[in-house]
Amino acid sequence: MRTHTCGELRPEHVGAEATLCGWVNTFRDQGKALVFIDIRDRTGMTQAVFDQEDCDEEVMKMARSLRREDVVQVEGLVELREGGINKKLDTGMIEVRGSGVRVFSRANNPPILPDDHETTKISEEARLKHRYIDLRRPSMQRMLQMRHDLAMLTREYFHALSFLEVETPLLIKSTPEGARDFVVPSRIYPGKWYALPQSPQIFKQILMVAGCDRYMQICKCLRDEDPRADRQAEFTQIDLEMSFVDRDEILRIMTGFVRRIFKHLLGLDLGTIPRMPWREAIDAWGSDRPDMRFGLNLVDISEIAGQTDFKVFNAALAKKDGVVKAIRIPASADRLTRKKLDMLQETAKTHGAGGLPWTKVTDQGFEGGIAKFIDGVADELSAVLQVEPGDTILMACDSWLTACESLGQVRLHVARELDLVDTTAWKALWVVDFPMFRWSEDKQRWLSEHHPFTAPLDADLEKLETDPGSVVSAGYDIVLNGSEIGGGSIRIHDPEVQQRVFKILGLGNAEQRTKFGFLLDALQQGAPPHGGVAFGLDRLVMLLTSTDNIRDVIAFPKTQNGADLMTEAPGPVDDAQLDELQIRCLEKVAAE
RNA sequence: GGGGCGGUAGCUCAAUUGGUUAGAGUCCCGGCCUGUCGAGCCGGUGGUUGCGGGUUCGAGUCCCGUCCGCCUCGCCA
């Protein structure tokens with residue numbers, strides 16, 4: 001049906017007869033005797049010109065009738081352009097001198113147009129509703145290509161390392177330890193339910209017990225939680241697991257993978273990827289996924305702050321684990337207006353801090369904000385923070401984790417506000433040595449920082465019951481430019497350790513059997529030491545395509561209410577379907 | 001579940017303190033033009049101002065409710 005694609009033709013093709021198929025991107029009708037048609041497909045765009053002198057009246061009439069997004073076939077001779085080259089097009093040196101045209105289908109006044117220069121102008125709502133048009137735009141086609149290239153690269157890389165691609169089930173048992181499960185009713189067992197997988201975690205571990213040795217899968221994961229700009233309820237994961245490995249070996253292979261991705265897809269060398277203990281990440285960067293493209297590190301000023309009479313500081317320091325942290329924003333005194341400081345204070349409050357003590361540095365010392373409270377320690381504080389006139393000092397005081405994390409969020413906001421992020425930089429790191437457990441005041445019990453199958457470090461095994469809060473896990477996350485792109489751990493392969501961990505998480509023996517009996521049984525039938533990683537494919541593509549909207553890297557994404565605007569899912573089902581499942585909705589029951 | 005912003009023509013937006021027949025660009029339709037390329041010029045179709053109430057002589061504008069979209073907190077082992 002076609003001899004070339006729309007992005008293919010170059011001066012070397014001049015003289016050839018070409019037949020192109022695609023969509024009418026634009027038409028430029030110059031009068032009865034001359035019309036230009038830009039014909040577009042996934043690969044690009046080519047200008048076709050229909051001249052009365054070259055083709056008969058019927059062809060001319062048909063060419064002039066073409067409108068945006070009609071689907072056509074154009075045939076003609078490839079020639080160098082008569083009217084000057086178009087540098088914006090890869091095919092801008094040539095044009096096809098049309099001798100024939102055929103219309104496959106007409107577009108009925110398209111509700112949106114797939115021009116890249118229109119993308120930001122059109123509401124996302126309209127784009128999602130008419131995704132079949134939206135996906136035609138070149139930037140969206142590049143995204144689809146990038147996803148494909150990443151998937152191919154992934155399979156090549158892990159295939160070469162003897163990983164086996166295995167599919168795991170979608171209809172599984174609900175074990176709601178983490179996120180909320182999507183559930184699916186069972187017809188054969190009325191009243192019983194499947195869950196859709198939040199991840200293939202347990203299956204890949206069982207594949208290790210089953211002797212698979214090395215497993216990989218590009219799979220969908222589903223979590224029934226509210227979406228965000230960088231999060232969808234349904235997302236894609238590059239899932240990996242390996243037997244007979246320690247943490248160093250996993251990190252080596254996965255570092256190689258990530259470096260390969262960015263080298264091949266962006267021509268970028270990420271270099272060696274350093275490791276940072278979790279405690280250091282929180283302490284110096286205020287986040288377990290630090291964005292290291294800019295400084296503004298957190299400095300502990302607890303000791304100096306303790307010498308002041310500032311009640312806010314003293315109250316915080318009296319807390320268990322209480323600290324005062326500060327960041328120095330260089331040359332910002334004029335730019336951080338009172339209004340902006342107020343906004344930053346809201347950020348701090350949103351993330352758990354009571355407020356955002358601040359002051360500015362002038363030639364005469366500290367001025368503004370809490371300056372009068374720190375007068376007595378001005379010299380020491382200046383020395384520790386290495387202040388310069390024009391700096392702004394932002395502070396947080398609370399328990400260590402809260403103070404660090406809230407100031408860490410302020411750090412991100414102020415960097416964005418003052419444009420301090422080096423957007424040309426790529427900073428990757430492995431965050432390691434996470435705590436094994438986190439105490440939940442809410443639930444009054446320990447929760448897994450990672451998941452319940454993560455192994456503790458061998459050295460900390462004996463502290464499991466006596467001091468769970470201090471146990472360090474064998475988990476790790478890989479972070480790129482402040483975005484968590486993957487994470488994993490060495491898993492527990494000793495059933496006894498697994499039971500001890502379950503117990504700390506508040507799972508009694510009976511509950512362990514009900515929820516994870518099959519895992520415990522498996523671990524007792526010869527489980528190799530194993531561990532793995534899962535990479536967020538959508539997040540990777542976001543970084544590869546420089547977008548901060550996850551919906552821009554998914555062909556058919558859902559809205560914040562979990563709706564698909566194109567198909568209008570979720571929708572109702574027939575009563576007959578419900579009857580078969582022996583399900584009744586409460587409203588209907590009430591109505592009967 | 002909480003907070004914030006938004007919803008006017010197919011699309012993107014405007015409409016003074018509440019005041020005439022809700023405008024413009026674009027798409028689409030028709031006409032003109034032989035070298036355009038985000039073509040140009042002329043004319044035209046197109047509206048229950050998301051939906052439902054209320055206040056008022058009068059509501060796109062004010063109030064209440066509701067639905068939808070985006071951002072965000074909670075949530076996301």
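Convention: sequence-line order gives letters A, B, ...; per-chain numbering from 1.
A close approach under 4.0 Å does occur between a side-chain nitrogen or oxygen of A/Arg228 and OP1 or OP2 of B/C73. A close approach under 4.0 Å does occur between a side-chain nitrogen or oxygen of A/Arg67 and OP1 or OP2 of B/C29. At the phosphate of B/U12, OP1 or OP2 sits under 4.0 Å from a side-chain N or O atom of A/Ser123. Taking 4.0 angstrom as the limit, A/Lys349 places none of its side-chain polar atoms (N or O) nearer than this to OP1 or OP2 of B/C73.
Distances were taken from every side-chain heavy atom of A/Glu124 (C-beta onward) to each of B/C37, B/C70, B/U34; the shortest belongs to B/C70. Here the side chain of A/Arg28 is nearest to one of B/C27, B/A39, B/C11, namely B/A39. Of the listed nucleotides (B/C37, B/U34, B/U72), B/U34 has the atom at the smallest distance from the side chain of A/Gln52. Checking B/C37, B/C32, B/C71 against the side-chain heavy atoms of A/Lys32 singles out B/C32 as nearest. The side chain of A/Ile112 lies closest to B/C11, out of B/C27, B/G35, B/C11. Side-chain proximity of A/Asn561 to B/C68, B/C71, B/C27: nearest is B/C68. Residue A/Gln47 places its side chain closer to B/G35 than to any other of B/G35, B/G38, B/G1. The listed nucleotides are B/C11, B/C33, B/G35; the one nearest the side chain of A/Ala126 is B/C11. Nearest to the side chain of A/Lys121, among B/C27, B/U36, B/U12, sits B/U12.
Of the residues near RNA chain B, A/Glu53 and A/Ser448, the one whose nearest nucleotide (by heavy atom distance) lies more toward the 5' end is A/Glu53. Nearest-nucleotide assignment on RNA chain B puts the 5′-proximal partner with A/Arg551, out of A/Arg539 and A/Arg551.
Nucleotide B/G47 has no partner under the Watson-Crick or G-U criteria, as no pair reaches both atom distances under 3.5 Å. Summarising the base pairing, B/C33 is matched to no nucleotide, lacking a Watson-Crick or G-U wobble pair whose two defining distances lie under 3.5 Å. Nucleotide B/C11 forms a Watson-Crick or G-U wobble pair with B/G25, both donor-acceptor distances falling under 3.5 Å. Pairing partner, B/C5: B/G69, with both Watson-Crick or wobble hydrogen-bond distances short of 3.5 Å.
Within the nucleic acid shown, A/Asp224 has no heavy atom closer than 4.0 Å to any nucleic acid atom. Within the 4.0 angstrom heavy-atom criterion, only backbone atoms of the sugar-phosphate kind lie near A/Thr26; the bases stay farther away. Residue A/Asp51 is in base contact, counting any heavy-atom pair closer than 4.0 Å across all strands shown. At the heavy-atom level, A/Ala233 lies nowhere under 4.0 Å from the strands shown.
Checked for salt-bridge contact, A/Lys129 and A/Glu568 miss the test: no charged N lies under 4.0 Å from a carboxylate O. Taking the charged nitrogens against the carboxylate oxygens, A/Asp116 and A/Arg142 do have a contact shorter than 4.0 Å, which makes a salt bridge.
Evaluated for a salt bridge (charged side-chain N to carboxylate O under 4.0 Å, His left out) with A/Asp115, the options A/Arg68, A/Arg40, A/Arg137 yield exactly one hit, A/Arg68.
Donor-acceptor pairing under 3.5 Å is recorded for the side chains of A/His530 and A/Gln205. Under 3.5 Å, the side chains of A/Ser99 and A/Asp54 contain no donor-acceptor pair of N or O atoms. Counted by atom type alone, A/Asp41 and A/Thr43 present one or more donor-acceptor pairs between their side chains at under 3.5 Å.
Between the CZ atom of A/Arg136 and the CG atom of A/Leu113 there is a distance of 10.0 Å, given to the nearest 0.5 Å.
Between the P atom of B/C67 and the CD atom of A/Glu568 lies a distance of 17 Å, rounded to the nearest Å. What separates NZ of A/Lys87 from C1' of B/G38 is a distance of 18 Å, to the nearest Å. Rounded to an integer number of Å, the gap from CG of A/Leu113 to C1' of B/G25 is 13 Å. Rounding to whole angstrom units, CD of residue A/Gln30 and C1' of B/C32 are separated by 12 Å. The CE atom of A/Met93 sits 19 Å away from the P atom of B/C37 (whole-angstrom rounding). Between the NZ atom of A/Lys129 and the C1' atom of B/C68 there is a distance of 11 Å, given to the nearest Å. Rounded to whole angstrom, the span from the CD atom of A/Glu346 across to the C1' atom of B/C71 amounts to 16 Å. Rounded to a whole Å, the CD atom of A/Gln201 is 17 Å from the P atom of B/C76.
The base of B/C76 has none of its N or O atoms less than 3.5 Å from a complementary donor or acceptor on the side chain of A/Arg223.
Taking atom C1' on both nucleotides, B/G23 is separated from B/U56 by 26 Å, rounded to a whole Å. Taking atom C1' on both B/C41 and B/A9, the two are 24 Å apart, rounded to the nearest angstrom. Using P as the reference atom, B/U61 and B/U17 are 15 Å apart when rounded to the nearest Å. Annotation: B/C67 and B/C28 have their P atoms spaced 37 Å apart (nearest Å).
A 6.0 Å sphere centred on CZ of A/Phe182 holds more than 12 heavy atoms belonging to other residues, nucleotides or ligands.
Within residues 396-407 of chain A, no residue has any heavy atom closer than 4.0 Å to RNA chain B.
At least one test fails for A/Arg64 against the ring of A/Phe50: distance under 6.0 Å to the centre or angle within 45° of the axis.
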